[in-house]
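Heads up: the structure comes next, in structure tokens.
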2 protein chains.
Amino acid sequence: MNHKDPIAILRSHNLRVTDCRIAVLQHFMKTDHALSQGDLEENYSEFDRVTLYRTLQNFLEKGILHRIPDDSGFASYGLCFETCTPDGHHHDHLHFKCSDCGHIQCLEQTHVPKIKLPKQFQVDHIDLIIEGTCSDCQHA
Amino acid sequence: MNHKDPIAILRSHNLRVTDCRIAVLQHFMKTDHALSQGDLEENYSEFDRVTLYRTLQNFLEKGILHRIPDDSGFASYGLCFETCTPDGHHHDHLHFKCSDCGHIQCLEQTHVPKIKLPKQFQVDHIDLIIEGTCSDCQHA
DNA sequence: ACTTTTATGCAATAATGTTGCATGAATAAA
DNA sequence: TTTATTCATGCAACATTATTGCATAAAAGT
């Protein structure tokens with residue numbers, strides 16, 4: 001889904017096509033890192049905080065966005081891929097967080113390794129966050 | 001550090017020994033899952049919210065606790081191990097989050113696999129969160 | 001016991017998350 | 001293309017969490 005037309009994406013998920021949703025979706029598509037609600041609020045002051053909040057919630061439910069775990073307390077969001085549906089998210093990629101600029105990006109190429117757990121644990125999915133320095137920040 | 005005397009732990013990290021710090025530390029030691037600030041507030045209403053907040057911050061800085069990333073927006077905290085110092089956290093374990101009871105536990109036994117990233121990424125540390133069902137919740 | 005240093009509680013504020021409801025916009029139906 | 005219906009939006013309001021400043025109280029050093 002990553003690089004299609006925003007309107008097509010909305011339609012295919014049974015979401016009404018509105019200015020806010022198009023804007024948010026476009027913003028995600030042109031940005032190479034995860035976005036927080038605050039990021040959106042800064043860029044789209046023409047939309048209400050609550051509308052942006054609900055837009056994110058809707059996109060999460062429909063499997064358009066996924067929430068990225070972060071120890072900062074901020075929630076941030078990234079676009080999902082074709083494997084995600086309203087029934088559930090099915091990710092196999094990992095997230096890289098730069099401790100310098102704070103940006104989080106999804107690394108689609110890199111896959112999450114299988115991990116063996118003791119039998120008493122039933123695994124549903126794995127989140128992998130790698131923290132370090134991104135290329136942009138290594139020369140600063 | 002996991003199972004030592006709270007007072008000894010505080011002393012060895014150059015922290016004053018106070019009721020609140022002892023209580024919080026003891027609570028972490030007797031609990032098998034990660035705790036949030038809310039958990040502490042419920043259990044220790046005799047201490048101010050802000051004091052508990054600052055206690056957690058101090059413990060983080062000193063390397064007594066580590067923050068566990070979570071996509072729920074709640075921050076939660078777990079005890080560190082001997083490898084952590086005020087200079088940085090050095091963890092090699094993963095976290096299991098039960099989607100049923102919500103508890104997060106540190107699995108010390110299980111190690112985080114090495115992961116190869118493209119060269120432009122400089123890796124500092126890896127956070128691995130596995131979500132699923134814990135043994136207590138599988139029969140419910 | 002006294003001094004110095006640091007933690008605590010209280011007040012206050014900011015940011016974020018969340019819900020209800022009236023209105024307006026988007027889709028479906030005629 | 002107009003009308004009816006469904007749903008998104010904005011506003012108000014509130015809950016929760018995160019955060020800082022400051023006076024006081026408590027801990028450690030002498």
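- Annotation: the span from B:D136 atom CG to B:D32 atom CG amounts to 8.0 Å, rounded to 0.5 Å.
- Checking B:D48 against A:A75, the closest nucleotide of DNA chain C that is more toward the 5' end is the one next to B:D48.
- Rounded to whole angstrom, the span from the CG atom of A:D39 across to the C1' atom of C:dT16 amounts to 14 Å.
- When rounded to the nearest whole Å, the span between NE2 of B:H13 and P of C:dT6 equals 17 Å.
- Rounded to whole angstrom, the span from the CG atom of B:N58 across to the C1' atom of D:dT20 amounts to 15 Å.
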**Request:** In sequence, state the C-alpha distance, the side-chain angles, and the governing distance for A:Q122 and B:D100, and then conclude on side chain to side chain contact (heavy atoms under 4.5 Å, CB included).
**Result:** CA-CA 11 Å; A:Q122 209 166 67; B:D100 206 44; over 6 Å; no

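- The CD1 atom of A:I64 lies 10.5 Å from the CZ atom of A:F28; values are rounded to the nearest 0.5 Å.
- Between the CG atom of A:L60 and the C1' atom of C:dG17 there is a distance of 13 Å, given to the nearest Å.
- Between B:R11 and B:I7 the shortest side-chain heavy-atom distance falls below 4.5 Å.
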**Request:** Show your reasoning for whether side chain to side chain contact (heavy atoms under 4.5 Å, CB included) applies to A:F96 and A:C134.
**Result:** CA-CA 8 Å; A:F96 184 86; A:C134 73; 4.0 Å; yes

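- If you take CG of A:L10 and P of D:dA8, they are 11 Å apart, rounded to a whole angstrom.
- Within the nucleic acid shown, A:E41 has no heavy atom closer than 4.0 Å to any nucleic acid atom.
- Taking the side-chain contact (heavy atoms from CB on, under 4.5 Å) definition, one finds that B:D48 meets it with B:V50, B:T51, sequence neighbours left out.
- With the end axes of the helix from C:dA1-D:dT30 to C:dA30-D:dT1 each set by five pairs, the angle from one to the other reads 40° at 10° resolution.
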**Request:** Go through B:D39 and B:S36 one step at a time and tell me if the side chain to side chain donor-acceptor pair (under 3.5 Å) criterion holds.
**Result:** CA-CA 5 Å; B:D39 294 329; B:S36 67; 3.2 Å; yes

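- Taking atom CD1 of residue A:I22 and atom P of nucleotide C:dA25, one finds them 15 Å apart after rounding to whole Å.
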**Item:** Per-nucleotide protein contact string for nucleotides 24-30 of chain D (B base, S sugar-phosphate only, - none; heavy atom under 4.0 Å)
**Value:** --BBS--

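- The side chain of B:T51 lies closest to C:dG9 when the candidates are C:dA7, D:dG10, C:dG9.
- Here C:dA25 presents its P atom at 16 Å from CD of A:E46, a figure rounded to the nearest Å.
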Quick test: give all pairs of protein nitrogen or oxygen and nucleotides 18-21 of chain C nitrogen or oxygen below 3.5 Å, distance rounded to 0.1 Å.
residue	atom	partner	partner atom	Å
C:dT18	OP2	A:Y53	OH	2.7
C:dT18	O5'	A:Y53	OH	2.9
C:dG20	O6	A:R54	NH2	3.1

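- Contact check for A:T133 versus B:D124: no side-chain heavy atoms found under the 4.5 Å cut-off.
- Taking hydrophobic clusters as Ile, Leu, Val, Met, Phe, Trp and Tyr residues chained together by side-chain heavy-atom distances below 4.5 Å, A:L79 shares a cluster with A:L40.
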Distances for protein N or O near nucleotides 2-4 of chain D N or O, under 3.5 Å:
none

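- One can place CG of B:L52 at 17 Å from P of D:dT16, the figure rounded to the nearest angstrom.
- Using a 4.5 Å cut-off on side-chain heavy atoms (C-beta onward), B:V123 and B:I115 make no contact.
- B:S135 pairs by the side-chain contact (heavy atoms from CB on, under 4.5 Å) definition with A:Q120, not counting sequence neighbours.
- In summary, the aromatic rings of B:H66 and B:H95 are positioned with their centroids under 6.0 Å apart.
- Residues B:I104 and B:I129 form no side-chain contact, since every pair of their non-hydrogen atoms from C-beta on lies 4.5 Å or further apart.
- Taking the six-membered ring where the residue is Trp, B:H33 and B:H103 present parallel rings, their angle staying beneath 30° rather than reaching 60°.
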